[in-house]
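The shown structure was predicted, so the numbers you read here are calculated from the model rather than taken from an experiment.
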Amino acid sequence: MSHQPTQNQHEEAYLSITKGLRELDLRAAAVPCDLVLIGDHAFPIAMNSQGQVLMAASFYGKGRIVVMGHEGYLHSFPDVVKNAVTWLRGDGSNNLSVGVHNNLKAVADNLQKSGFQAGVVGGFSDKLGAGVYVTDAYSVGNNPKDLVAFMRDGGGVLIAGQAWHWASAHGKDKTLHHFDGNKVAGVAGIYFSDHAAEKENLPVYPQIPSSWMAVVLGKDFEDDLRFLLQGISEFDIPNGITASEILVHGPLAFPIGCTNDKQAFLAGGYYGQGRVIVASHEGLLKLEEMAPFWKNALLWLDEGRNGVVGAANDQIRKVLGHSGLKCEKTDFKRGLSVFVSPSSIDKHADEILDFVAEGGGLLVGGHAWWWAQTHKDQSPLVDFPGNKVLNQMGLSLLGSTLKGGKFKAPNPSQALKDMYHFRHHLHRFACHVNVGEKLTKHEEDCLRKLSHDCSTYLRMKAHDCSSYTQVVSILTDLFKKSGMPQVSDSCPIKNAKDQVLLHMGTELYKVCKNPDELLPCLIKDNPLLPVVYNYKITVDVNTAGGEEWISSGLYLSPGMKTYIAIPKEIVNKGWKIQIGCQTDTLKSNELKRAPSVHERFPVSSEMMLVWNLWGGLIYLVAPPKTQVQGVEAIVQMAVPAPYYKCGVTTAEQWALLRTAPSPWAELEFENIILTVPSEVIRSLDRPDKLQLLWDEIMRGIADLAAVPHKFVRKERFVADVQISHGFMHAGYPVMTHKSSAAALVNVEGARTKGMWGAIHELGHNQQRGSWEFPPHTTEATCNLWSVYVHEEVLNLKREKVHNAVKPENRSKRIEGYVKGGRKLSDWSMWTALETYLQLQGQFGWDAFKKVFAAYQKMTNIPKDKHAKMNLYAETFSQTVGMNLCGFFQAWGWPIEADTEQKLSNLPPWSDHPLVRFG
């Protein structure tokens, strides 16, 4: 469309239409109908306590419309009519001419008294020359398209009526498209529904009304599903088709085909006077097996017009040809009954929206997941071309995928009970939280999905879309009433309701209108901490080792905002600002913190405003392959953190810094950065001794890996109250539990008892795919570093540090493996480690260093596991000058004749440890 209003314009429109009004007393008036609103631009003017919409407005094309839920309102509320007509004229219009249908002569009289040139007419004509046309919903005439064209070209329409009585005589299933008023108002996203609404005395609020009580499904879709699923019992989605998931969120959108996990791969909906169906992979449109469904779908979209179907793809046209409708090879053009489009629909986006709104059928086939993978810094919900059209229709293609399989078609009579619809389930959850309504088993089962989808939906940040702002407003009210569960180590959250609230609250804070007002409802204990001002961060970075976090030594309290002045050299170059060190996303039935507690902001200007609901340490995140020297960023205001940096922080400075108020501390050494709760470093008076320990450890890790002592990128450890998996896990950063933090900074403990787990994870970070054989060695070869560092650096015998490598346990393990038949499927973890320890026992650590060094020079390394194992056997044999084929065969390795031939000139290792087993 040529005109795209903003949310501010929606608010301005609302204030114009309600100007001077304090209340709307509807109690004496006739029974109105509930209005259903869809799309980006329809918004409520009057809403009762049940969440039913009694008056609404919208934009369409260059024009505007106001809709009232009963024609009697045109007489009962002359001030509303006067305000509405003033707004409908458009900004800056001098056209005071108003055409009023002759059923509404009294309305014309009232408008004339207000200074309008109101004339009574027998019906709409484009020759009226009026700026605004006023009619009841039953008198739009034989050609409502003329009135729609008038509105599209800049005209204003005021229409009033109710459809519940009409529906009782003509059938509820016909209301949306066949009730006269909907042939005009529906095009702009406002429908007269078949539901009667409650009459009340309504206060007029200073902002667009919203209510968590609003029922968000505009119909039950039973008749639609009966038509679409006639003769269809199941959907067979081939595994070769990787489809995207469809988020169904509009009041007139509904799922048609879903997986057992309620992920929709087929969905439909109404938009204006037209209809839409989305298949979440174009391959589904090409399946001959699905031709019976596509026949139903095209007939549903065509709505009896027997028109032309336009599709550019030959294979799709062949399958769709079974419908009996004429299928023409064409790109989008006017005059089609149904247009079949790929999901990259943006080429004709505005035209297609108008086409469907004014009665056309749209069939979209395509996915968003590949686009999402190739546009990492963009949101598929917002930026994927197809969603710029589909979002307005209440359907969105997501970056997430679903697996193929056979899925039972839904039972049309059970659709509302069984189907998953984001907005409907959100409404039911609000009822559960606010007034204690009991959820059904199906609704409880969908809570985790609802939580995820709420996060996805809120990330649209579609503040120009009225339906989106309604959801934000509803959630804001919900949290103001209920608050958010206060989660902590001592107060974990186990029930689904609280977990959903925790997730929703985190995402809502990022997008709500007034986050500062919402903050006390989300975080109860948030003490003010002392701050520093205009703090400079020097940026010296060479990210040859991948993305790198640059520590600032600063912390933001929960909800605290600050500006950061960014050097122009790094603006729009892939840099980010990160708030929070805990980057694990949790998926657990028990939460000790919110699922996601860090925030990232792309560096897009020289002055960045940043914040995070959960607070956190401030980092600059440098992209890979970036070199920057000596530039400065300035943080306007933040809380100082205990931050020790080797070669920079003096003993005197540390004496003060270790008492800094931030709850998180960082210790940055030559090759590693430790991020721990501040409480564990408050008594650390000699960070230089800790530095010496970690410098030795990291050099030992480098020695075994045969890499330079200076790491390309410093390793990081972060100790968190809860992590995504395991007791610790590798990565950047290595994540460990808070309970392990003290051990990371305990020099005496490390030198006397060791720290097997921490070195194990650093060993994981040294593993390389070229000499790894997952899943067998995943938890095995990393322990080579644990053994090496403890024995060669910390001077601690391996058996003193870990029970698993005590001689007696090793012997039992070897005997058990041999007795079990030396099956490769049993060769893993400690058993697999034995193979390497026996090699080390015979040939020493230098052999491993030489092998790792040799691999660094290799090219064209095979990907096949068996081939890789043969290459390892060959490489180790050549390195030590001995044929090790017999040894590896004794361990069950698949050594090939070709490998034996290559090594036949070397002396065999004939007395290896497994010889005694025969």
Practice prompt. Please step through salt bridge (charged side-chain N to carboxylate O under 4.0 Å, His left out) for the pair R751 and E696, ending with a clear verdict.
Written response: CA-CA 11 Å; R751 293 200 182 278; E696 290 175 9; 3.2 Å; yes
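- In plain terms, the two heavy atoms of K388 and D383 that are nearest each other are CE-O, 3.7 Å.
- A donor-acceptor distance shorter than 3.5 angstrom exists from the side chain of N387 to the backbone of L397, with no hydrogens or angles considered.
- With ring centers used as reference points, Y457 lies under 6.0 Å from Y468.
- At a threshold of 4.5 Å between non-hydrogen side-chain atoms, the residues K497 and F429 count as touching.
- Counting only distance, with no hydrogens or angles, the side chain of Q582 and the backbone of V718 share no donor-acceptor pair below 3.5 Å.
- In this view, H725 and H729 satisfy the ring-ring contact (aromatic ring centres under 6.0 Å, His included) rule, not counting sequence neighbours.
- Here K568 does not pair with E606 in a salt bridge; the nearest charged N to carboxylate O distance is not below 4.0 Å.
- One distance of note links CD of E599 with CG of L613; it measures 9.0 Å at 0.5 Å rounding.
- Remark: the backbone N or O of I618 is paired with a side-chain donor or acceptor of S552 at under 3.5 angstrom.
- Contact check for L450 versus M504: side-chain heavy atoms found under the 4.5 Å cut-off.
- Side-chain contact between E547 and P623 is absent, with no heavy-atom pair separated by less than 4.5 Å.
- In this model, a donor atom of one side chain and an acceptor atom of the other lie less than 3.5 Å apart for E668 and Y643.
- Side-chain contact check for C512 versus L518: some heavy-atom pair is nearer than 4.5 Å.
- Listed by first and then second residue, the ring-ring contact (aromatic ring centres under 6.0 Å, His included) pairs that reach into residues 580-608 are F601-W611, sequence neighbours excluded.
- Using modelled atom types, one finds a donor on one side chain and an acceptor on the other under 3.5 Å when comparing E666 with T675.
- Ring geometry, F717 versus W694: the interplanar angle falls from 30° to 60°, so the pair is classed tilted.
- Side-chain contact, N671 with R713: no donor N or O sits under 3.5 Å from an acceptor N or O.
- Among all heavy-atom pairs drawn from V639 and M560, the shortest one is CG2-SD, 4.2 Å.
- Formation of a donor-acceptor pair under 3.5 Å by the Q722 side chain with backbone atoms of S724 is not found in this model.
- Other residues, nucleotides and ligands contribute at most 12 non-hydrogen atoms within 6.0 Å of the NZ atom of K587.
- T583 and R600 form no side-chain donor-acceptor contact under 3.5 Å, judged by distance and modelled atom types alone.
- When the ring-ring contact (aromatic ring centres under 6.0 Å, His included) test is applied to W575, no partner is found at least two apart in sequence or on another chain.
- For NZ of K536, the number of neighbouring non-hydrogen atoms (other residues, nucleotides, ligands) closer than 6.0 Å is 12 at most.
- Between R716 and S551 there is a side-chain heavy-atom pair separated by less than 4.5 Å.
- The NE2 atom of H737 sits 8.5 Å away from atom CG of D720, with the distance rounded to the nearest 0.5 Å.
- Judged by distance alone, the side chains of E715 and N765 do bring a donor and an acceptor atom under 3.5 Å apart.
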Discussion item. Between S400 and E245, does the side chain to side chain donor-acceptor pair (under 3.5 Å) criterion hold? Intermediate values first, please.
Written reply: CA-CA 6 Å; S400 53; E245 181 181 359; 3.1 Å; yes
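- S451 and H503 get closest at one heavy-atom pair: OG-ND1, 2.7 Å.
- Using a distance-only test at 3.5 Å, with no hydrogens or angles considered, no donor-acceptor pair links the side chain of D584 to the main chain of I723.
- Annotation for A750 and L693: closest pair CB-CD2, 3.7 Å, computed over non-hydrogen atoms.
- The backbone N or O of I474 sits nowhere less than 3.5 Å from a side-chain atom of W212 that would complete a donor-acceptor pair.
- Rounded to the nearest 0.5 Å, atoms CD (E761) and OG1 (T736) are 8.0 Å apart.
- When side chains are defined from C-beta on, F43 does not count as touching T469, because their heavy atoms never get closer than 4.5 Å.
- Atom NZ of K561 has more than 12 neighbouring heavy atoms from other residues, nucleotides or ligands inside a 6.0 Å radius.
- Taking both residues in full, the closest heavy atoms of P642 and I681 are given as CB-CD1, 3.6 Å, listed atom of the first, atom of the second, then distance.
- In summary, the aromatic rings of W756 and H760 are positioned with their centroids too far apart to meet the 6.0 Å limit.
- The salt bridge (charged side-chain N to carboxylate O under 4.0 Å, His left out) with E670 is formed by just one residue from the set R699, K710, K714; it is R699.
- For S678 (side chain) and W664 (main-chain N/O), a donor-acceptor pair under 3.5 Å exists by modelled atom type.
- Counting heavy atoms from C-beta on, the side chains of E590 and I493 never come closer than 4.5 Å.
- Listed here is the closest heavy atom pair of I577 and I579: CG2-CD1, 4.0 Å.
- In this structure, CG on N391 lies 5.0 Å from CG on L381, to the nearest 0.5 angstrom.
- In this structure, R658 fails the cation-pi test against Y644, since its NZ or CZ atom is not both closer than 6.0 Å to the six-membered ring centre and inside 45 degrees of the ring normal.
- No donor-acceptor distance shorter than 3.5 angstrom exists from the side chain of Q207 to the backbone of Y205, with no hydrogens or angles considered.
- Distance check, rounded to the nearest 0.5 Å: OG of S596 to CH2 of W614 gives 10.5 Å.
- Rounding to the nearest 0.5 Å places CG of L458 at 9.0 Å from OG1 of T456.
- Of the residues L522, L475, L478, L508, the one that meets the side chain to side chain contact (heavy atoms under 4.5 Å, CB included) test with L501 is L478.
- Classified by interplanar angle (parallel below 30°, tilted 30° to 60°, perpendicular above 60°), the ring pair Y732/W549 is perpendicular.
- Side chains of K513 and T476 form no contact here, defined as non-hydrogen atoms less than 4.5 Å apart.
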